[in-house]
Amino acid sequence: MSLRRYTTDVFPAVPDKWSEVKFENFRAWGGFSLSAERKGGKTQYITVTNLCGKKCVLRADVKLDYPQNADGLYEIDLAKGESITLKAE
């Protein structure tokens with residue numbers, strides 16, 4: 001995971017030989033907990049838990065079942081304590 005100001009990149013530069021990768025409850029910049037998994041070299045899901053009530057902005061290596069903004073980012077607006085799981089399409 002790569003953390004930039006206001007944007008979190010999930011699996012931005014995973015080597016091809018790491019086809020199976022998973023992390024759980026990783027604390028991300030801005031007050032979020034993220035979990036994600038790759039199988040067969042492709043992201044399967046990303047779970048976002050909002051710990052502070054701010055908007056989470058993600059960049060993913062696959063298209064997810066959530067609307068993207070004009071820049072191809074996912075702006076996830078959840079209340080504090082809420083979670084959402086975004087699945088690859």
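The figures here come from the full heavy-atom set of this structure, side chains too, leaving out hydrogens, waters and symmetry mates.
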Problem - NZ/NE/NH1/NH2 to OD/OE distance under 4.0 Å, R38 and D61 - result: yes
Problem - Minimal non-hydrogen separation, A28 against T8, with atom names - result: CB-OG1, 4.1 Å
Handout entry: Heavy-atom side-chain contact between Y74 and L64 under 4.5 Å
Key = yes
Practice task
Kindly indicate whether the side chain of F23, heavy atoms from C-beta on, has any atom under 4.5 Å from the side chain of F11.
Solution key: yes
Exercise for the section: For residues G30 and C52, report the shortest heavy-atom separation together with the two atoms involved. Expected result: O-SG, 2.9 Å
Handout entry: hydrophobic_cluster_shared for L34 and Y66, side chain cutoff 4.5 Å
Key = yes
Practice task
For the pair N69 (side chain) and D71 (backbone), establish whether a donor and an acceptor sit closer than 3.5 Å, ignoring hydrogens and angles.
Solution key: yes
Fill in the blank from the handout: On a heavy-atom basis, the closest approach of R59 and D9 is NH1-OD1, 2.7 Å
Exercise for the section: Verify the cluster assignment for I76 and V62: are they in a single hydrophobic cluster under the rule of side-chain heavy atoms below 4.5 Å apart? Expected result: yes
Exercise for the section: Using distance alone, with no hydrogens and no angle criterion, decide if T47 and S35 have a side-chain donor and acceptor under 3.5 Å apart. Expected result: no
Exercise for the section: Measure across E89 and D65 and return the closest heavy-atom pair with its distance rounded to 0.1 Å. Expected result: OE2-CA, 3.6 Å
Fill in the blank from the handout: From the list I84, V10, T85, side-chain contact (heavy atoms from CB on, under 4.5 Å) partner of V48 resolves to I84
Practice task
For residues E75 and L58, determine if any side-chain heavy atom of one lies less than 4.5 Å from a side-chain heavy atom of the other.
Solution key: no
Handout entry: L78 and C56, any side-chain heavy atoms less than 4.5 Å apart
Key = no
Handout entry: Non-hydrogen side-chain atoms of K39 and E37 separated by less than 4.5 Å
Key = yes
Handout entry: Heavy atoms of other groups near K63 NZ, more than 12 under 6.0 Å
Key = yes
Handout entry: Residues K22 and E24 bridged, charged N to O under 4.0 Å
Key = yes
Completion exercise
Closest heavy-atom pair, N25 versus S33, reported as atoms and distance to 0.1 Å, is CA-OG, 3.2 Å
Problem - Where A79 and N50 come nearest, the two heavy atoms and their spacing - result: O-CB, 3.6 Å
Practice task
Would you kindly confirm whether V21 and Y45 end up in one hydrophobic cluster when ILVMFWY residues are joined by side chain heavy atoms under 4.5 Å apart?
Solution key: no
